[in-house]
Amino acid sequence: MRLFSLDERLLTCAGLVRDGARLADIGSDHAYLPVWLLKTGKISFAIASDIGENPLETGRQIAEKYKAENIDFRLGAGLDTIRDEDNITDVVIAGMGGEVIAEILSRSGLAKNPELNLILQPMTRSDELVGFLYENGFELKEQIALNSKGRSYTVMTARYCGKKISTSSLFRIVGKLDMSDPESVRYIGKKIKDLENKSRADDSARALLNELRLMINENN
Ligand SMILES: C[S@@+](CC[C@H](N)C(=O)[O-])C[C@H]1O[C@@H](n2cnc3c(N)ncnc32)[C@H](O)[C@@H]1O
């Protein structure tokens, strides 16, 4: 059977998984990401983990349909399903709110392994996630903005370094995006629109909005 294609959002996540990784895909749902990575030979082993039995069952069916081997399905919250002996090297947490991703990381000792490559794709509240990461000893390695089916997304990689740093509101929004990339400008443009609605009644949102507009103008 011909392998399916990933959309741009999941393809970007897949591109940040290291070759030969032992992957945990948390909130895997349909398991498209680990199945695709296994079938293309980029990784050797994956755990598809989800809090819901129904999504997990969908994932099992996709793995069976495409005959993906070396994939374990685990039911449970966040990283609770991952054990030390799984020797996971890379974790993807995609398609959830930034605050949910932050909560998952905060509840896990395993996430504090500096060797672990964390690939995070918040659908909303990416600023909350970036703030959480730095305040809790994680650092961003890289951040990408992308467009998939007309919608703007961000994907970031992070790792635990143990250094706790407080961040500015501007940094929490822009993070490590390369502002010379037009997709980053589009992504920040979306954030500006969100803030415009908020700023009518909020002075700090208005100040942040001005900083963002200035930054966009300086880079273009
Ligand atoms: C919108 S889907 C995202 C699927 C896939 N990761 C993607 O990006 O396309 C979100 C999935 O996360 C699962 N989920 C939500 N909270 C979770 C948690 N705390 N731990 C594990 N899975 C969770 C949901 O059951 C759902 O299947």
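The shown structure was predicted, so the numbers you read here are calculated from the model rather than taken from an experiment. Atoms considered below: every heavy atom in the structure, side chains included; atoms not considered: hydrogens, waters and symmetry mates. Every number for a ligand or one of its atoms is a count from 1 in the order of the listing.
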Cluster check [X], [Y]: I/L/V/M/F/W/Y, side chain < 4.5 angstrom:
X: L118; Y: L23; result: no
X: M156; Y: F132; result: yes
X: L146; Y: I119; result: yes
X: L110; Y: M96; result: yes

- Item | Ion pair K149/D7, N-O distance below 4.0 Å |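 So K149 pairs with D7 through a salt bridge.
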Once you restrict both partners to nitrogen or oxygen, which atoms of ligand 1 have a protein partner under 3.5 Å, and how far apart are they?
from	atom 1	to	atom 2	distance (Å)
ligand 1	6 (N)	G27	O	2.7
ligand 1	6 (N)	A94	O	3.0
ligand 1	8 (O)	R9	NH1	2.8
ligand 1	8 (O)	R9	NH2	3.3
ligand 1	8 (O)	A94	O	3.3
ligand 1	9 (O)	R9	NH2	2.7
ligand 1	9 (O)	H30	NE2	3.3
ligand 1	20 (N)	G78	N	2.8
ligand 1	22 (N)	I51	N	3.3
ligand 1	25 (O)	D50	OD1	2.6
ligand 1	27 (O)	D50	OD1	3.4
ligand 1	27 (O)	D50	OD2	2.7

- Task: Working to the nearest 0.5 Å, report the span between CZ of R74 and OG of S28.
- Result: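 Nearest 0.5 Å value for the CZ-OG distance: 12.5 Å.
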